[in-house]
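Just so it is clear, the structure is predicted and the values come from calculations on it, not from any experiment. Numbers here are sequence positions counted from 1.
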Amino acid sequence: MKKILLLLCLFPIGIVTAQTMLNPGDIMVVGFNSTPSIDHVYFVPLVDLEEGTEFYITDNGYDGESGDLFTGSSGEDFVSIKTNQAVSKGTVLFLGKIADTSDQLDVSAVGGGDKYVKSISKTGDQVLIFQGTIEEPHLIFAITNRNADWETSAVDAGSILPSGLTNGTTALKFTHADNYALSSSVDLSSTNRAGWIERIRNSSNWSSSNASELTPPTGPLAVSSTSSLSNSQTGNWEDVGTWNSNIPDTGTDVQIATGTVTVSSHVVVDDLTISSGASLVINAGYSLKVGGTLTNNAGAGGLVLKSDANGTAFLHHDTDNVQATVERFLKTGDWQYCTVPVTGTHNVETWFNDMYVIRFIESSGTWEYLNTGDEIQPMESVGVWPKSNQTVSFTGTLYNSDLQLPLKWEGTGNMKGYTMVGNPFVCPISWDATAVNRNNCNAGIHVWDGVAGNYKGYNKGNNVNSGSKYLAPGQGFFVRANANAANLGLGKAARKRAHVKFKAAETVEKMAFKLRVSGERFHDEVLLNVREQKTEIDQNEWGLTKIIPDKFDAPQFYVNDEQQPYAIKSYASKDSLESIKMTLLAPTNEVLKISMVEFLHPDSLTPVLLKAEELNKEVDLRSGHMEIEAVKDQRINLEFILMKKSSSYIKHKLQIACYVKSSKAYFSNIPSSVDRLSLYRLTGEKVNTYLVSDSELHLMLPGAGSYIVMFESSGKLVQTIKLINLKTN
């Protein structure tokens, strides 16, 4: 067989979620007041909420450029809501000061804020309801009264139209007024969820005021159920004209009786039946969850999951023997992981005719081409290179059972024990789910990212290069055995469709420092974990060995331990750790930038300096970064120095005073233990070193610019000050 080495890329991943039940429009704001000192928010669920349902309310905006929520705004709040009992649909709930908050809710602050939204701006603001995380929010509802419209670009005080919400339906915009509430004149007669969304979205049903606080109807609002619906013609799921009554609601039994219905949103139903001769198409980037039974009487052509360059459709179901057509968009010009999403063993030419297809060989750690007649096994992921952009259509029975794949403890060197595995389900899975069973198998995974030019890594809540615990449908990934008789089990309960909740504050005594090196095109990261107290470290649990492509253009960090390069490295205790030695490999002649991108630590240990002694460079990463003019294939030795605040030499920290005037820096209150001062440019270039013999020091700065001043005591760093000189000598 002909061998080939592989650069791998990633399938587009859409919204990846966990076990929550809320969808856009399931909870809507019906009133908010910015006049009182503690602002008021009224909201109503349009579906029944089980006890323990969690969601979040914030006046922070949505940043459409990064896909997450703003976190740096002063006075903005994230409030966590948890139902402490079942809440019936139509119940009007209230969030204000703690004593006034609905007793059906447990309210807590997120990130040390207040237990209420206290700062809805009188000049215009927004209120968002979401589940998930700040970085991956699953938006339920949004309302703004800032500029009578959503922002068109990311701004700190406003909000772009949040992804997944529909302007004018689940995202409402009003002209500015301090207080808004659903008017008591609104039609309060019973109607279903879709009917109430229509009433709430209608601006004529709202009252506003700049002086008086407003209160919506106290409820409960009469929200009826729609037991079953069928379509009357070909059309979009979201168009009322497609159906014989209203648009299907969450929990509705739906029948596709005739023609073709196309889904272009995120839909949840109870039972779903596709009649013979009819069809249901889920467009790329959208999802369907069937909470009950999925019956497809139209065969594989009656249920189609679309895929294109921007995303892939998801289907979350729990019914055996469902026939479907599942598309996968494959682009030319690169290798892509691909896993067959229908049951059985398949000849390679069945789906990948006239394409280059390769598989990973565990025993040698290399790749070889597949030929006509070769078979692809369940859960096996192969590399595919189409000769042109192409969409493959897999037809057959969808997976709906627990799967298990044996792993081989074979190979040599850093690739020993690795197997390429795939997610065969048509919805995402969570690697951290209890239904993922690892027997003699490491807890880390690797996924190739062609954008970063490197592998994404994830292990037990730690990640490098934006790695994630979520694996998209069809996504291939590397997993590693660590002994003989290893196997990996993917239980169907690992399938997910709604964003996970905020994590509670971790009690694990662990410090994390993440460094990034960026080149002209690609980057790499390394994450260092340091335990607060002495403990045994199992690298299979807390570390992640780096996979290094044989041909790559990204700079590479190495943390060397027994000749193993680590992407995520753990250390047993801070007590014996003063520095971490690393190596940086340059892929080309280019300028490499090293910076700190994550810094989580208790006060007892702080990263201070990054040194490249061979280049005579060092920099305080808390206030700057290091730039290196690298040569192709150059290996640069680095040392990451840690400072222990509990040491005696640091007792005078933060007492040194400084000010700059006319290119002169004046320091006072210098403790007697300080004996040396070093002056650096932000590039890491040392300007000079000065002896210190008094509590005061006058220093002439060499021109305008920014500088780092480091005070030392007996060779130990005790204080770092950043200076800005606006004047020339």
Side-chain angles (χ1 to χ4, degrees), residues 25-46 49 53-61 69 73-84 87-111 113-130 139-146 157-159 170-186 188 196 199-203 205-221:
D26 281 353
I27 299 178
M28 300 186 76
V29 171
V30 290
F32 60 94
N33 293 304
S34 62
T35 298
S37 58
I38 296 177
D39 299 325
H40 299 160
V41 178
Y42 297 87
F43 51 99
V44 58
L46 300 179
L49 303 181
T53 299
E54 295 183 74
F55 53 94
Y56 304 88
I57 295 180
T58 182
D59 56 341
N60 282 72
L69 299 169
S73 304
S74 175
E76 305 291 289
D77 299 284
F78 288 95
V79 182
S80 173
I81 308 292
K82 183 176 182 179
T83 58
N84 56 32
V87 177
S88 299
K89 57 179 176 287
T91 304
V92 178
L93 302 169
F94 172 75
L95 179 65
K97 61 183 180 181
I98 298 174
D100 294 338
T101 299
S102 168
D103 58 9
Q104 296 171 293
L105 306 174
D106 289 330
V107 181
S108 60
V110 175
D114 294 294
K115 296 182 179 180
Y116 45 83
V117 180
K118 71 177 188 301
S119 301
I120 301 176
S121 175
K122 294 181 176 63
T123 61
D125 213 333
Q126 60 277 320
V127 176
L128 277 60
I129 300 178
F130 69 99
L139 274 296
I140 309 301
F141 179 81
I143 189 169
T144 180
N145 68 339
R146 178 174 166 79
S159 179
T170 53
L172 306 184
K173 56 184 182 180
F174 292 135
T175 57
H176 176 257
D178 289 350
N179 309 310
Y180 268 97
L182 197 65
S183 172
S184 58
S185 62
V186 67
L188 298 177
W196 272 110
R199 291 173 181 175
I200 295 171
R201 67 176 289 274
N202 188 342
S203 61
N205 288 333
W206 286 72
S207 299
S208 63
S209 172
N210 286 321
S212 303
E213 298 177 24
L214 299 176
T215 303
T218 57
L221 307 181

Between [X] (side chain only) and [Y] (backbone N and O only), is there a donor and an acceptor less than 3.5 Å apart?
X: T83; Y: T53; result: yes
X: T218; Y: V92; result: no
X: N33; Y: L214; result: yes
X: Q126; Y: D59; result: yes
X: W196; Y: G90; result: no

Can you name the side-chain hydrogen bond (donor to acceptor under 3.5 Å, both in side chains) partners of [X], sequence neighbours left out?
X: S185; result: S183
X: N205; result: none
X: N202; result: S204

So, do [X] and [Y] sit near enough that their side-chain heavy atoms are less than 4.5 Å apart?
X: L188; Y: P217; value: yes
X: V79; Y: V107; value: yes
X: V29; Y: I129; value: yes
X: V44; Y: I27; value: no
X: F32; Y: N145; value: yes
X: W206; Y: F174; value: yes

Quick one: side-chain contact (heavy atoms from CB on, under 4.5 Å) partners of [X], sequence neighbours excluded?
X: R201; value: T169, L172, E198
X: T91; value: V87, S88, L93, Q104
X: T175; value: A148, Y180
X: T170; value: P24, L165, T166

Full working for ring-ring contact (aromatic ring centres under 6.0 Å, His included) between F94 and H40: CA-CA 7 Å; F94 172 75; H40 299 160; 5.1 Å; yes
Pair S212-N179, side chain to side chain contact (heavy atoms under 4.5 Å, CB included): steps then yes or no: CA-CA 7 Å; S212 303; N179 309 310; 5.7 Å; no
Rounded to the nearest 0.5 Å, what separation is found between the [atom1] atom of [X] and the [atom2] atom of [Y]?
X: L49; Y: K82; atom1: CG; atom2: NZ; value: 13.5 Å
X: L105; Y: E54; atom1: CG; atom2: CD; value: 12.0 Å
X: S209; Y: D178; atom1: OG; atom2: CG; value: 7.5 Å
X: L139; Y: S159; atom1: CG; atom2: OG; value: 8.0 Å
X: I200; Y: I143; atom1: CD1; atom2: CD1; value: 9.5 Å

Evaluation steps, side chain to side chain contact (heavy atoms under 4.5 Å, CB included), between F43 and V30: CA-CA 5 Å; F43 51 99; V30 290; 5.6 Å; no
Residues forming a ring-ring contact (aromatic ring centres under 6.0 Å, His included) with F141, sequence neighbours excluded: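 Expected list: none.
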V186/R199 under side chain to side chain contact (heavy atoms under 4.5 Å, CB included): CA gap, chis, key distance, verdict: CA-CA 7 Å; V186 67; R199 291 173 181 175; 4.2 Å; yes
Side chain to side chain contact (heavy atoms under 4.5 Å, CB included) assessment of L128 paired with Y56: CA-CA 8 Å; L128 277 60; Y56 304 88; over 6 Å; no
